[in-house]
Amino acid sequence: MSPPVNPPERKLQQNPSRSLTYRLMHQSKTALRAAYPPMLAVLAALLVGAMLMLVAGASPIAAYSALFRQALTTYFGFADTLAKTTPLLLASLGVLVALRAGQFNLGAEGQLYMGGLGSLLVGLALPGWPVWIHLPLALLGGFGFGAAWGAIAGYLKVARGLNEVLTTLLLNYVAQYLISYFVNGPLKAENAPSPFSELVAVSARLPTILPKTQAHAGIFLGLAIAILLTVAFAITPWGYRVDAVGQNPIAARYAGISTNRTILSVMAISGGLAGLAGSSEVLGLKRRLFENFSPGYGFDALAIALLSRGNPAAVILTSFFFGAIRSGASVMQRNASVPVSIIYAIQGLIVLFVAISLTLDTQSRVSLFSAKSTKEQQT
Amino acid sequence: MGGDLRLTAITKRFGAIAANDNINLTVREGSIHGLLGENGAGKSTLMNILSGLYQPDSGEISLAGEQIQIESPADAIRHGIGMIHQHFMLVKQLTVVENIILGQSKQSGLNKAASRLRLNLKEQSDAIAQLGKTYGLEVPPMALVSTLPVGIQQRVEILKVLCRQARILILDEPTAVLSPTEIQSFLTVLKQLAARNHTIIFISHKLDEIMDVCSEVTILRRGQVVASVPTNRTNRAELAQLMVDRAVEINTQSSPQPVGDVVLDIRDLWVNAEHRQVAALRGLSLQIRAGEIFGIAGVDGNGQRELADAIAHLLPIQKGTIEIISPASTKTKPKSVAYIPEDRQKQGLILSFSIARNLVLKAFSKLPFCRRWILDNKKITAHAKQAIDAFDIRASSPLLKAGQLSGGNQQKIILARELAGEPALIIAMQPTRGLDIGATAAVQQSLRSQRAKGAAILYISTELEDVMAMSDRLGVIYRGQLVDVLDPNAATLERIGLLMAGQSSSSSPQNYPSETLQESANEPAGKPA
Amino acid sequence: MTPIDFISDFLSACLRLSVPLAFAALGGLISERSGVLNIGLEGMILTGAFAGAATAIALDQVWPAVGVALVAGAMVGLLHAYLCVSLGVNQLVSGLAINLTAAGLTTYGARLLFETGTVALPAIAPLNIPGFQQLPIVGVFFQQDPLFYLLLLLLPLTTYALFHTHWGLSLRAVGNAPRAADTAGVSVSRVRYCSVIFCGGLCGLAGAYLTLVHVGFFTENMSAGKGFIALAALIFGRWHPVATTLACLLFGTTEALQLRIQAYGLDIPYQLLAMLPYLTALAALAGLAGKATPPAALGIPYTKEKQ
């Protein structure tokens with residue numbers, strides 16, 4: 001059922017003089033179009049959030065201004081925003097890498113917990129080592145544990161044909177209980193009143209970057225990885241391979257690319273990056289391992305990756321936005337008496353509206369999620 | 001119901017393309033009306049409008065002088081229009097009877113509630129068996145559709161529309177999937193149906209069949225009606241010319257040339273169908289030498305796909321060997337296998353990637369496109385520009401997405417990629433399917449020039465004329481085995497047709513008796529005994 | 001406690017823990033049989049649980065609360081159907097969005113309504129069936145609440161409907177080959193809408209069961225992955241109602257077992273026990289090893305005109 005005469009390109013050939021302007025217009029249009037729907041989605045979610053506040057009898061203007069003023073314009077608030085942006089950024093990059101290969105890693109939360117455990121173990125194990133060895137090793141430990149956790153889902157997918165969505169979700173619960181077990185049992189600090197571990201060695205800590213605040217150097221790690229990934233997707237064969245598998249795994253396989261190996265490695269890297277988010281919490285923020293130390297960063301990460309349309313650079317901004325919301329929420333609760341939990345609703349709504357916005361722009365739907373939705377086309 | 005069917009000024013656009021442009025057509029009651037046209041002429045679109053799948057942008061449809069609206073397939077059924085699609089609209093996971101009664105609860109006015117709550121499969125299957133007998137369309141009602149051969153599946157499709165009291169049957173390329181013997185019995189059924197005053201619209205691009213069964217034929221070209229003539233006042237040559245707007249020359253002569261050493265050596269190959277424990281290839285052996293095109297003819301689904309995939313290492317081998325031997329002259333280079341897959345959009349290309357990136361899908365991680373872990377985008381683009389010139393890919397820029405090109409140009413991208421670096425062996429799976437005549441010629445020319453350079457080529461096609469025209473030697477595949485290897489210049493169409501149906505020329509023709517229908521499903525799993 | 005009491009007690013716990021899973025899994029089964037992937041079961045359960053709890057507090061009556069939970073779940077189903085069927089949103093993303101939004105909204109709502117923390121709710125009383133409830137061991141089947149009996153009724157009904165009615169035939173056809181169903185005169189979108197809304201309603205009941213029968217109050221994220229386990233159960237049950245319900249019973253039993261072991265104070269850290277249901281679900285899926293074939297059109301939006 002192919003159309004009889006095709007094609008945009010024939011038209012272009014007939015009008016060579018128009019082709020350049022046409023292309024330029026086309027490109028700027030697509031760039032605009034790519035940025036426009038996510039913005040709209042965020043606005044819509046904030047609007048619905050405002051209505052929810054009205055229902056509760058609070059003033060949305062007061063609430064939002066309290067939230068953003070705290071998060072962006074005060075010293076401690078801004079530092080807190082950075083501190084919250086850090087794990088979000090790292091975990092989102094993890095989810096994004098998987099998304100580029102067509103995999104939905106919903107296990108960032110669990111991988112984050114495992115990464116925290118890995119970093120803690122290394123952080124406790126080698127006291128007295130120089131920082132420049134100990135800190136990288138501790139980070140590597142987090143990456144490794146997260147990667148292993150992600151690789152389980154990857155393995156189940158390629159070897160047993162299990163959809164990664166469900167396995168990663170289930171593994172989240174396992175990881176969370178596992179951490180809970182460790183900090184209540186073998187890793188519990190001596191005489192600790194509640195479940196938490198000993199402090200990691202000083203040499204394994206990520207340094208604070210704004211004095212007297214919780215903002216720590218983990219943010220630089222996140223930024224560096226975001227830049228690295230941008231470059232990797234643009235000009236390395238690895239990025240090419242991941243995109244090829246994400247866009248059309250069948251064609252990739254026919255061209256000799258091992259889709260299984262790619263999926264497995266991508267799930268491991270994805271888990272590793274989410275694991276680094278846990279590392280940054282343990283080595284930079286809390287300096288020890290707590291029970292349930294993540295307030296759902298792994299799930300936010302999915303929202304961020306979707307909102308960023310698979311673009312690592314966009315993840316930086318989006319994570320910052322989500323970090324700011326989280327950072328300003330408590331002040332919002334105090335000043336405008338809106339429960340903090342409204343932000344969870346808003347985040348959910350953002351994903352909802354992003355999902356809708358994806359359908360407004362078929363271009364990006366195809367590029368992000370093509371593998372499945374085109375399956376039945378020409379039957 | 002019944003009466004003449006009239007389409008007036010039907011137009012349907014997809015984006016900027018008019019798939020149907022101001023179409024007028026009258027089909028007389030009780031006649032078999034041929035609809036002729038090349039791929040993409042707009043036949044399927046027009047019929048999808050008639051069957052309610054698409055809505056026309058403008059134009060009117062009338063039946064027995066009364067204007068009708070067909071807004072859904074259910075509407076079409078209500079008006080007595082039944083469509084048999086080229087790709088069968090059967091739910092393979094369900095049984096024959098379930099497929100036939102699907103969606104029919106609304107039609108049975110009496111006992112409406114009761115019939116919705118009870119399927120009553122036994123009674124229904126008896127009725128279907130009875131109906132099948134009346135029309136010469138015997139089917140096993142309780143069998144799962146996925147276990148039936150395509151010829152029987154087609155009968156189910158026809159019974160499905162007959163059960164809905166369809167008076168007008170639209171058949172979209174119904175013979176494309178059938179073997180020559182199946183085609184004969186199928187055409188007989190059509191004539192019987194017409195004799196019972198059913199109106200039939202028969203879509204085809206095969207001139208013989210149109211001339212054989214139709215009383216009138218309408219020719220479509222690029223979405224427009226170019227002529228509508230009674231078949232007894234025209235001939236094949238005229239129809240062909242109307243269809244393609246230029247004299248057709250059927251190029252059958254291959255230029256035989258000295259062949260070299262064996263490049264592909266397959267011995268006793270057993271391969272399972274993908275994700276299934278059913279043997280699709282059952283002890284197939286063949287050799288192809290450098291500089292020859294070995295054609296494989298056969299009805300779709302007899303192991304062609306598995307053969308190609310197994311050679312390309314995409315399917316595991318259960319038993320036997322596949323050996324690819326690089327000819328001495330190219331020993332210095334690593335042996336390479338080119339694979340032109342069956343479905344260019346799903347298997348051959350990444351539609352969202354640019355032409356340039358598609359062209360390096362196989363070589364992107366090697367020199368010169370990748371140096372020290374970095375892709376050289378300049379080299380990739382330059383390479384694309386060369387390929388665009390060399391293979392006459394009609395595109396204004398190598399950065400256009402592959403999905404924006406026409407089918408012929410997409411196929412040329414695949415050819416450019418696969419034939420780069422003079423492969424020792426080329427597997428071409430239905431490489432001209434769905435292409436217009438110009439693109440078909442370009443594809444065939446590229447392959448012939450590769451043969452001249454000493455490549456061994458495995459050419460698989462279900463279009464008999466196509467594969468006969470291309471091959472130096474022709475193997476016929478049936479149920480996972482090569483039943484014979486022939487000289488295409490000496491063999492007759494009839495003989496090949498019989499072989500494709502699984503009969504050596506000596507045995508008598510047979511239909512599928514319903515007792516043996518499930519044979520393919522009951523075959524021993526996977527491994528040979 | 002006599003051994004018989006112990007067994008009855010344990011069996012009763014198994015049933016109680018399996019019921020919400022089974023409601024959700026049956027709903028998910030219908031949705032997925034129609035070709036709509038539904039990872040949003042979790043959010044639908046949570047919505048039902050919250051709506052049920054809120055209504056029960058407001059009216060101090062249980063049955064209207066059950067009704068409201070059903071409707072609330074169905075409304076979420078309607079949303080999912082609208083997104084997936086009418087808009088063609090990626091079904092995974094839609095389901096996730098529903099989970100996240102439901103979690104956020106119910107937590108927010110709980111903060112507003114139940115400011116004092118957890119509020120005890122009126123509970124649905126068990127409905128004892130005279131004559132049978134005294135029987136040893138099997139008696140527990142006859143001293144359950146009405147929702148349990150509803151589930152028992154629902155199971156043969158769905159099984160029959162799925163395989164022996166035109167409605168079920170349309171459902172199976174739409175989930176496997178929507179285009180074929182469409183050309184046969186079945187409205188794909190209507191079947192999918194109905195299925196997903198039905199699914200939402202059942203999940204709402206699962207939620208109501210959690211708050212009004214099992215736990216007795218609402219806490220944030222109280223569904224605790226039940227929706228995901230229900231999904232695992234329906235895959236493990238190969239999209240068949242009876243097998244799926246049995247799988248739910250297996251996972252429910254695992255949960256009951258770990259609670260029992262905890263209660264008996266054996267020297268096993270509870271966290272290791274608490275992860276058992278999830279591990280069982282994972283192991284069940286891994287053991288299945290791709291042998292279960294999902295409906296062929298699962299997760300693929302259907303659009304009529306596609307070139």
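Labels below follow one simple rule: chain letters A, B, ... track the order of the sequence lines, proteins then strands, and each chain is numbered from 1.
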Please classify the contact between A:Ala232 and chain B as side chain, backbone, both or neither, with a heavy-atom cut-off of under 4.5 Å.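 Neither part, no heavy atoms under 4.5 Å.
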With sequence neighbours excluded, give me every side chain to side chain donor-acceptor pair (under 3.5 Å) pair touching residues 310-319 of chain A.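 Listed once each, the pairs are A:Ser308-A:Thr318.
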Rounded to the nearest 0.5 Å, what separation is found between the [atom1] atom of [X] and the [atom2] atom of [Y]?
X	Y	atom1	atom2	answer
A:Asn248	B:Ser352	CG	OG	8.0 Å
B:Leu349	A:Gln247	CG	CD	13.0 Å
A:Tyr240	B:Phe353	OH	CZ	5.5 Å
B:Phe364	A:Thr236	CZ	OG1	9.5 Å
B:Leu361	A:Ile257	CG	CD1	5.0 Å
A:Tyr254	B:Lys346	OH	NZ	11.0 Å

Max heavy-atom pair count under 4.5 Å with chain A, selected residue of B:Ile380, B:Asp376, B:Leu375: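 The residue among B:Ile380, B:Asp376, B:Leu375 with the greatest pair count is B:Leu375.
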At a 4.5 Å cut-off on heavy atoms, which part of B:Arg344 comes close to chain A: side chain, backbone, both, or neither?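 When you check distances to chain A, no heavy atom of B:Arg344 falls under 4.5 Å.
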Is there any salt bridge (Lys or Arg N to Asp or Glu O under 4.0 Å) pair reaching into residues 358-370 of chain B, and which pairs are they, with sequence neighbours excluded?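 Those involving residues 358-370 of chain B are B:Lys362-B:Glu418.
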